[in-house]
Protein chains: 2
Amino acid sequence: MQDAPSSPVARQQSVRLVVERLLRDRSVSRAEIARSTGLSKQTISEVMRDLERDGWVHEDGQIQGSVGRSAVTYALRPDAAFVLGIDLGGTKLHIALADLHGEIVAESIEPTSGDGGAAVVAQIERMKDALLQHASVSAQRLRGGVMGSPGMVDPASGSIVIAPNIPGLDSLDVRAALRERLGIDITIENDVNLAAIGEHWRGNSRRARSFAFIAVGTGIGMGIFSDGYLVRGARGAAGEIAYLPLGGDPYDARGLRFGTLETAIGSAGIVERYLGLGGSPGSTVRDVFDRLEIEEAARITIDEISRILTTAILAVHSILDSEIIILGGSIGARPELKLRIDEHLGRCMREPVRIELSALGNRATLIGAIGSAIDLVHRSQFGIGRDAGPLALPAAAADVAA
Amino acid sequence: MQDAPSSPVARQQSVRLVVERLLRDRSVSRAEIARSTGLSKQTISEVMRDLERDGWVHEDGQIQGSVGRSAVTYALRPDAAFVLGIDLGGTKLHIALADLHGEIVAESIEPTSGDGGAAVVAQIERMKDALLQHASVSAQRLRGGVMGSPGMVDPASGSIVIAPNIPGLDSLDVRAALRERLGIDITIENDVNLAAIGEHWRGNSRRARSFAFIAVGTGIGMGIFSDGYLVRGARGAAGEIAYLPLGGDPYDARGLRFGTLETAIGSAGIVERYLGLGGSPGSTVRDVFDRLEIEEAARITIDEISRILTTAILAVHSILDSEIIILGGSIGARPELKLRIDEHLGRCMREPVRIELSALGNRATLIGAIGSAIDLVHRSQFGIGRDAGPLALPAAAADVAA
DNA sequence: CCAATTTGTAAATATCCCGAACAAATCACC
DNA sequence: GGTGATTTGTTCGGGATATTTACAAATTGG
């Protein structure tokens, strides 16, 4: 069933407690860790000695001022390992190299190769090498990576099941190919889920254990956190709210194919609605928003979109009881929408749920991928099982200061 | 932060592995446990000796037939402890006393006392005493209990926030009162959530790690499992699908108060719809179902209800990606509904989600409460933290046989 | 400069787990 | 019916880890 606890059964527990404490507060003395974990001082000293020997922590400073001997504080070394965050979009491929604090040391964007799965894998390898060289990081210190991709990712195998926009990616075993070409494990995850992780780590839902991230752009998707854990669903399709039966007839053939909600308020649906109201032909969604103040068709379009999105939020909230709902994506993050949604929510909920705009914008997936990769490194490095609790991520600098 | 691991840090790990193995297969030999856990034979023997000394396990039989010495098998003693499952409804109070296998040794139903919270607590105490006496179980062996109640339960404090139907229950600190009167901890949980746990343990979603249990009766509610864990939401209101914006105008004042979906397809809504279609005055929901084959108004009513419920299922599934959706409650469990829903789903989903009727009927909450209580006893007894994994419950007899 | 307090180390002890050797029980096969 | 192979379960010694107690070192306040 599980692998044999070879020798260090209890030690891993201790190491884990120490590391978790160091993640919570960036710099802590050994005595303080002993107090807060309940372990003895020697155990902490010994664990810390091992961690320092292996390069995971270093002395960080001293605490003076209070009575008694001054304490030496230790902190996790951000440069102990590096990870790769990859945001694989239909048009752009965005890769960043980051340290264990999540500090990005190098990043680059290229148009996604149009020559299919194998070419994309080769492109990723090339970009990775360039980033390592640019940041002067040796390949050994690269310890993991996470890639976000649109479409469905099978929770069991971790391989892409359906990948729109990138031909030949779902037929290829991308994970195996990446492991072979890059020499490290790359975990694949739905891009919206990663964006939710990003917002949870560095964005506007930092302290919320239950929240939803709704991305509205070309398509519509949602990432769900419940009690600190990502909700993936049986087939990895949780949060596919494109198929919510709102904003149209769920028995309509088009809704069946692309999703009723997405048909109504995806980019295509918005433009179509705008044209139906007499808007100028050839307009984009951006144009509609630009003419919001000056054109009746644009105003009505956005009003209707907001109203439908509000019912979607109502549906999501009644099922998940989120603490916060974050709106993101090129359309969803527009403040004009939030304004109208807040107003509508006030009229159909007794205690309207808190709505926030994405703090990370189009970098949410990338940052979530980095955070997720850091978490995986921590887990694999310190023997933390998957049930050992929510994400083990360093607090953002703002949180430490607070 | 956490309590000090006094002495048995590693031992608890071993104990937990052994107990989990015994939960999975009811009767196992020590050698087999050693193999499957990776622990050494001596460790298993020692752990087992302690468990037997404390009365948690006993020798159960022998394995013969294969070459080699025959093995003594051990099993958890079902009578090592007993738990109380309580289903507190607006009209009926249903209590059962069960052993650690979930075998009910005594149960009783009474009308819920109408004299408010304190009277209900007294009633529960009286019924508990009677059950203990009837089953000849000493009070010391009663180790815990779980109570299901309609309304919202705060996930943090475990106290009832909103309790419809039972006056004065939300103002009282029920949990403290029960602890004082009964001498044991009674955990309170939403009744539909417990019904979902019941179905997960003994019902139709036994092997599903992600599923939803939808109860349609006087009111409408849902219990959610994601990846083996119950989803409670930020305020314990997850699954309150009464407020789904389906089947009516979400901006309507009545929907705002009772929930749009519940207004449409709760008992009151069904009867109202039936009358609106020219049905006979004074009818109940039961009457409507009875006249389904012989009266046009009844047929149309049920058809429309099914259609709305189908869109609700579609909404739930698009958000949660459940493996199975279980229908329960006095109305939801009617096969006439499932028939129609299956048909409708086929026309609005490309891969219709699997729908099953509740296997436990109106006992689902009670059984879920028992299962949940057994899980809590296991956790508190064997030092299993809350993040140690999904429910630690004995397999149902049918599963063991299979 | 001394007392109080806190940090960190050292030594001794207890606990727990593992590996190997070994006794016991059982089956297969001659 | 006897013998060997196989599996079970125990005993014993060794190693790793954590805890307790004692103590040295450092720092603040008077």
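Per chain, numbering begins at 1; letters A, B, ... match sequence-line order.
- In this structure, A:R49 atom CZ and C:dA10 atom P are separated by 7 Å, rounded to whole Å.
- Distance CD (B:E59) to C1' (D:dT8): 13 Å, rounded to an integer number of Å.
- Nucleic acid contact class of B:S70 (heavy atoms, under 4.0 Å, all strands): sugar-phosphate only.
- Sorted by first and then second residue, the ring-ring contact (aromatic ring centres under 6.0 Å, His included) pairs with a member in residues 22-49 of chain B form an empty list; sequence neighbours excluded.
- For the pairing with B:I374, the side-chain contact (heavy atoms from CB on, under 4.5 Å) check across B:V146, B:D99, B:L100 returns one residue only, B:L100.
- In this structure, A:D50 atom CG and D:dA16 atom C1' are separated by 12 Å, rounded to whole Å.
- Side-chain atoms of B:T43 lie closest to C:dC18 of the nucleotides C:dC18, D:dT10, C:dC27.
- Under the ring-ring contact (aromatic ring centres under 6.0 Å, His included) criterion, the residue pairs touching residues 23-69 of chain B are B:W56-B:F382, with sequence neighbours excluded.
- Between B:S210 and B:S226, the side chains place no donor N or O within less than 3.5 Å of an acceptor N or O (distance only, hydrogens not considered).
- Residue B:R30 places at least one side-chain N or O under 4.0 Å from the OP1 or OP2 atom of D:dT10.
- Taking side-chain N and O atoms only, B:R11 has no distance below 4.0 Å to OP1 or OP2 of C:dT15.
- Side chain to side chain, A:S27 and A:T73 meet the donor-acceptor criterion of an N or O pair below 3.5 Å.
- Atom P of nucleotide D:dA16 and atom CG of B:L39 are separated by 19 Å, given to the nearest angstrom.
- A:Q12 has its CD atom 14 Å from the C1' atom of C:dC17, to the nearest Å.
- In this structure, B:R175 contributes its side chain and B:T187 its backbone to no donor-acceptor pair below 3.5 Å.
- B:E46 places its CD atom 14 Å from the P atom of D:dC12, with the value rounded to the nearest Å.
- Between B:I44 atom CD1 and C:dC17 atom C1' there is a gap of 11 Å when expressed in whole angstrom units.
- Close to C:dG19, at under 4.0 Å from its OP1 or OP2, lies no side-chain N or O of B:S40.
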Pull out every protein N or O sitting under 3.5 Å from an N or O of nucleotides 22-24 of chain D, one pair per line with the distance.
none

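- With rounding to whole Å, A:I63 atom CD1 is found 15 Å from D:dT28 atom C1'.
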